[in-house]
J.: 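Sending over a structure as structure tokens; questions will come in a sec.
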2 protein chains.
Amino acid sequence: MSTPARSAPRREKARAATIDEIKLTALTHMRETGTLDIRFADIARAMEMTPPALYRYFADRDELLSALIADAYDDVGRYVAEARDAVPADDIGARFLAIARSYRQWARQEPQQFALIFGLPVAGYVAPVDGPTTEAAQRAMSQLSLLFVEAIDLGVLAPPRLRDVHPAIAACADQKNQHLATEIPAETFQAMLHTWSTLHGFACLEAYGHFDWIDEAGRDALFDGQARLAAEAAGMPAPKSS
Amino acid sequence: MSTPARSAPRREKARAATIDEIKLTALTHMRETGTLDIRFADIARAMEMTPPALYRYFADRDELLSALIADAYDDVGRYVAEARDAVPADDIGARFLAIARSYRQWARQEPQQFALIFGLPVAGYVAPVDGPTTEAAQRAMSQLSLLFVEAIDLGVLAPPRLRDVHPAIAACADQKNQHLATEIPAETFQAMLHTWSTLHGFACLEAYGHFDWIDEAGRDALFDGQARLAAEAAGMPAPKSS
DNA sequence: TCACGTCTGTAACGATGCTTAACGCAACGG
DNA sequence: CCGTTGCGTTAAGCATCGTTACAGACGTGA
């Protein structure tokens, strides 16, 4: 049976640790090679195991990949949420900046995981069931929308720079609003998407090395400017603290 | 010898045609599979040839990949330039919109080529010599900077929304200005980078399917809004024509 | 017509990877 | 103390793929 014993806390712990080690080894290997390629042979070698042993933990290569993708979802979501929550709840502007910066930093630190989620599908991998791609969008965005809700509740959100909203976008906004306590106006919903696109663009270009010709200080300043523009356009207040 | 005969116009033509067919077949295969994987076996099969025959045209798999990447550079540059030049030279705002839209459209039509240039390096492929990645940045951006130069020369470029420029960015601007007749102010240079990031972000998200939950009309409107925001922030005039 | 270069196919080598099957070992529970 | 369970190894099968070597076919130019 593939079902693990139901009463063996010690075993299960070891098993979970091994699973984590496998995933971590896979990630490390991706970081070292700079690609999204993972081979059971490589992982096994790095763990001083033999390839077939891995099949005790993952049915096949795709299952490992799926797990990595799922983890990446969680990682970026947690990373961004933590950065946001580390800033006083009453300083919405600073919270916005924290989200923006953490999104960028995550992409920089983990370009492979970033690509895993936001890049082209990996070779030979078929996405399980319906659109985890869409789910990635949802989860990444949800942290941002939470902040917009906070801003609305605190009454500090100015109207966004762009006021006219296409009916199709308004419809999307309505649909999303059904899951929220505080209603997000369509213009603000649109501004959120603009914000995300803007920050994502910078993160992509930088993570994949297209800004390497600008030194780090310049990139930092450039990004903060981009974030400030985005905040301004979305009606987000300026940060109180530096 | 790998050197093709020096006097055989007919042969050379056929050879060039075959090379083009190989590259096109490779692209087609990438489009169909949705990945960046290319295998000599697949290409050969699609062309009703045998794998070894391909070695007459490309020394190895990497050489083919390099050629595809180089082509992608050219393609996007040409595509964007043509779109821009199809608009009256005195309507800078419309020209800007044309560039923005064509960049997005290219990414949408050719997500694989887009990823080839702007994504993570392909598995098992080592970039020849120094940073073609950087070159991609240069070439894509150059079409945009040409437009900014036009705008400056016509005196229709307003100061960008963001005025303070970090010294590191100013230094980059100075360096780029050495290759241009018309000097681009540092703030404008910075605004160009912001513009590119913004448009690129939307293009990435859409090309890789993260906006699939918005219907096409909505995406079109969303993008135009994004472009308008970017133009406004960069000091670009509004289009005269619709 | 004949020799040459070019192109292409057949065959084969070597490496690599995914995956399954069968066996041995250690820990755990009664 | 013994059976069960889970984990890991060895061995093997299978499928590819990249690449090279060799030999035949074709068109070209003298």
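The sequence lines fix the lettering, A, B, ..., with proteins before strands; numbering per chain opens at 1.
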J.: Is the phosphate of C:dT8, meaning OP1 or OP2, less than 4.0 Å from a side-chain N or O of B:Tyr57?
T.: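 It does, given that an N or O in the side chain of B:Tyr57 lies less than 4.0 Å from OP1 or OP2 of C:dT8.
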J.: Rounding to an integer number of Å, can you tell me how far B:Ile38 CD1 sits from D:dC17 P?
T.: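 Between P of D:dC17 and CD1 of B:Ile38: 13 Å.
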J.: Nearest whole Å is fine: how far is D:dC17 P from B:Tyr55 OH?
T.: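 One finds 12 Å between P of D:dC17 and OH of B:Tyr55, rounded.
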J.: Does the base of D:dG8 carry an N or O that pairs as donor and acceptor with the side chain of A:Arg56 under 3.5 Å?
T.: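 Indeed there is one.
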J.: How close or far is atom P of D:dG18 from atom CE of B:Met49, stated in whole angstroms?
T.: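 Rounded to whole Å, this separation is 14 Å.
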J.: For A:Leu65 and C:dC18, give me the distance from atom CG to atom P, rounded to whole Å.
T.: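 For the pair A:Leu65 CG and C:dC18 P, the rounded distance is 11 Å.
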J.: Is B:Gln175 atom CD crowded by more than 12 heavy atoms from other residues, nucleotides or ligands, each under 6.0 Å away?
T.: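 For B:Gln175, atom CD is not crowded (no more than 12 foreign heavy atoms under 6.0 Å).
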J.: Using a 6.0 Å distance limit plus a 45 degree cone around the ring axis, check whether A:Arg104 lies over the aromatic ring of A:Phe223.
T.: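 Flagged: A:Arg104 positioned over aromatic ring of A:Phe223.
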J.: Looking at every strand, decide which applies to A:Ala41 at a 4.0 Å heavy-atom threshold: base, sugar-phosphate, or nothing.
T.: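 Counting heavy atoms under 4.0 Å across all strands, the contact made by A:Ala41 is with sugar-phosphate only.
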J.: Measuring to OP1 and OP2 of D:dC7, would you say a side-chain N or O of A:Arg15 lies under 4.0 angstrom away?
T.: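 Answer yes for this pair, as a side-chain N or O of A:Arg15 is under 4.0 Å from OP1 or OP2.
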J.: Report yes if at least one side-chain N or O of A:Thr50 is closer than 4.0 Å to OP1 or OP2 of D:dT9; otherwise report no.
T.: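 Yes, because at least one side-chain N or O of A:Thr50 sits under 4.0 Å from OP1 or OP2 of D:dT9.
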J.: Parallel, tilted or perpendicular: which one describes the rings of B:His210 and A:Phe118, with boundaries at 30° and 60°?
T.: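 It falls in the perpendicular class, over 60°.
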J.: Can you check the A:Arg39 CZ to D:dC17 C1' distance for me, whole Å?
T.: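 Atom-to-atom, A:Arg39 to D:dC17, this comes out as 13 Å.
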J.: Starting at CZ of B:Phe58 and ending at P of D:dT20, how long is that distance when rounded to a whole Å?
T.: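 B:Phe58 atom CZ is separated from D:dT20 atom P by 16 Å.
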J.: Kindly point out which of C:dG9, D:dT9, D:dT20 is positioned nearest to the side chain of B:Pro52?
T.: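 From the listed options, D:dT20 comes nearest.
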J.: Fit a plane to each ring of B:Phe189 and A:Trp213, take the angle between them on a 0 to 90° scale, and name the class: parallel (under 30°), tilted (30 to 60°) or perpendicular (over 60°).
T.: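 B:Phe189 vs A:Trp213 ring planes: perpendicular.
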J.: Which listed nucleotide (C:dT8, D:dC17, C:dG17) is nearest to the side chain of A:Asp42?
T.: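 That would be C:dG17.
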J.: Of A:Pro51 and B:Ala53, whose closest DNA chain C nucleotide lies nearer the 5' terminus?
T.: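 Mapping each residue to its closest nucleotide by heavy atoms, the 5'-most match is B:Ala53.
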J.: Could you tell me whether the side chains of B:Gln226 and A:Thr198 share a donor-acceptor contact shorter than 3.5 Å?
T.: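 Result is yes, a qualifying pair exists.
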